[in-house]
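The sequence lines fix the lettering, A, B, ..., with proteins before strands; numbering per chain opens at 1.
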Number of protein chains: 2
Amino acid sequence: MNSSSAAPGGSARREATRQKLYEAAVTLIAEQGFSATTVDEIAERAGVAKGTVYYNFASKSVLFEELLRHGVGLLTASLREAADRTARAGGSKGDALDAMIRAGLEFIARYPAFTQLYVAELWRTNRAWQSTLMVVRQEVVAVIEGVLREGVASGEFGDETDIPLTAAALVGMVLVAALDWQAFQPERSLDDVHAALSRLLQGRVGGHRAARAG
Amino acid sequence: MNSSSAAPGGSARREATRQKLYEAAVTLIAEQGFSATTVDEIAERAGVAKGTVYYNFASKSVLFEELLRHGVGLLTASLREAADRTARAGGSKGDALDAMIRAGLEFIARYPAFTQLYVAELWRTNRAWQSTLMVVRQEVVAVIEGVLREGVASGEFGDETDIPLTAAALVGMVLVAALDWQAFQPERSLDDVHAALSRLLQGRVGGHRAARAG
DNA sequence: GTTTTTGTACTGACCAGTCAGTCCAAAGAT
DNA sequence: ATCTTTGGACTGACTGGTCAGTACAAAAAC
């Protein structure tokens, strides 16, 4: 994915202004939601005149859509990098999953506001940016599904594994655990959180009862 | 939880109107978000005049808060019932967890709009209803944590189990998997989805590598 | 000298919340 | 039986304010 796909010309100065606007918008929208956040607020927090917002983005929703694309680009890059690194080190697909969980946690710890905003908007229908969101969601899920699929192909995971559903469940597990960690027990370390999730994934909580799949 | 806690007098007619308003509000807010949904829209979809909304609720946010309390009451009751039923049948705590996952999926399948709206608002800060949301979240999490705690006490789950984090992760797993199911593959059966999540929880995907907890 | 930013002022649509008044069923009053 | 009153439920036009987006001249920045 071209990280600067939305910045046609893009002088350094302009890019810096855009970045300031992204940062201002992401926290405000995470806290208040898209509709409740005003363009005046975004401009003020970015330390920029309102006119500048409209000089750099066609509208409030375009600003938001580019913000989404930008953030998800960072996340998928990070997940892919984690999977590749494990593969190069000769790890199993289970190790790759573990590394991706860690990468996910690191991303959320670094960009909690973006994550919040992403979750809040993901399942909304009837919104202007819904199609953008679909594309962007598919990119994240595809990375995880890829690892699952390879694991099934190599026999490491059972071939009755439900790839799309498992991918979604993994995303949910990491997402909600991490947001809860940030919101309600921020003093805990990333290692701590990672260990708890690994444990859960290894079935040392749910137990190893016989399958009763339908 | 007293289901009519917010309706002091409550004639049958009034209660019916309130119910219509809840139903109209929940879908609209799930689709568009709280701020983007207007009171006029809610009134129109409920088939009442705008004044009626304000006759029945002090404000738009009070309507929303009562909606939250109402919905979460249904969810916790359902989860508790699932846990109790398993316990009475002599099942393990792992079985109870499994039953609660099923109950969660059933709830989400029945009230997808409510679930959507809950997820979207859960991690927002600085909102008027934030305290309501905290209380209501705690009720859900407490039910799950209770089962985990009992499982640890009885030795069924390892005593290094991180109860709050695991509870959050479980909620996330079910929530995201279910929302994805509803949104992207609604043709699949509940049994199917339940089986995939059970499998994941039993560690038959993540593998059974040695722990490397911090 | 061209691009980008600023600051201020403005418009027009939209929206939460209000309020004077309607509707009606049930309870007296005659 | 007929008239009057009462009060809860509901109505919808209206108000005061808010906000996305525009306009533009002058100043920086490059």
Side-chain angles (χ1 to χ4, degrees), chain A residues 4 6-29 31-68 117 121 126-129 132, chain B residues 4 6-29 31-68 117 121 126-129 132:
Chain A
S4 61
S11 72
R13 185 149 90 113
R14 225 184 147 169
E15 207 47 55
T17 308
R18 282 179 124 101
Q19 192 63 38
K20 277 196 292 183
L21 284 168
Y22 283 152
E23 277 160 26
V26 79
T27 51
L28 285 167
I29 296 179
E31 280 167 11
Q32 308 177 323
F34 175 80
S35 311
T37 301
T38 68
V39 175
D40 291 277
E41 279 177 314
I42 295 172
E44 191 191 346
R45 171 152 332 178
V48 142
K50 187 178 182 177
T52 305
V53 176
Y54 285 94
Y55 182 77
N56 282 284
F57 299 96
S59 69
K60 185 185 171 187
S61 19
V62 167
L63 163 56
F64 182 57
E65 281 179 53
E66 297 197 4
L67 181 57
L68 279 177
L117 161 171
E121 297 297 334
N126 295 349
R127 304 267 67 196
W129 53 80
T132 302
Chain B
S4 62
S11 72
R13 184 166 175 219
R14 224 184 147 165
E15 207 48 55
T17 307
R18 282 181 124 99
Q19 191 63 39
K20 277 194 293 184
L21 285 169
Y22 283 152
E23 277 161 26
V26 80
T27 50
L28 285 168
I29 296 179
E31 280 167 11
Q32 309 179 322
F34 174 81
S35 310
T37 301
T38 68
V39 175
D40 290 275
E41 280 176 313
I42 295 172
E44 191 190 346
R45 173 158 322 184
V48 302
K50 187 178 188 177
T52 305
V53 177
Y54 286 93
Y55 182 76
N56 283 284
F57 299 95
S59 69
K60 186 184 171 188
S61 19
V62 167
L63 163 55
F64 183 56
E65 282 179 52
E66 297 197 4
L67 182 57
L68 278 177
L117 159 173
E121 298 296 335
N126 295 348
R127 304 267 68 194
W129 54 80
T132 302

How would nucleotides 10-26 of chain D be written as a contact map, 5' to 3', with B for base contact, S for sugar-phosphate-only contact and - for no contact, using protein heavy atoms under 4.0 Å? BBB------SBBB----
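Going from atom CZ of B/F57 over to atom P of C/dA16 covers 16 Å, rounded to whole Å. Taking atom CG of residue A/L21 and atom C1' of nucleotide C/dT4, one finds them 13 Å apart after rounding to whole Å. For B/E41 and C/dC14, the CD to P distance is 12 Å, given to the nearest whole Å.
To the nearest 0.5 angstrom, A/L68 atom CG is 8.5 Å from A/W129 atom CH2.
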Using the side chain to side chain contact (heavy atoms under 4.5 Å, CB included) rule, take B/T27 and B/R45 through it: C-alpha gap first, then chi angles, then the decisive distance, then the call. CA-CA 10 Å; B/T27 50; B/R45 173 158 322 184; 2.9 Å; yes
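In this structure, B/V48 and B/N56 have side chains that are not in contact, with every pair of non-hydrogen atoms separated by 4.5 Å or more. Looking only at side-chain heavy atoms (C-beta outward), B/I42 and B/L63 come within less than 4.5 Å of each other. Using a 4.5 Å cut-off on side-chain heavy atoms (C-beta onward), A/F64 and A/T132 make no contact.
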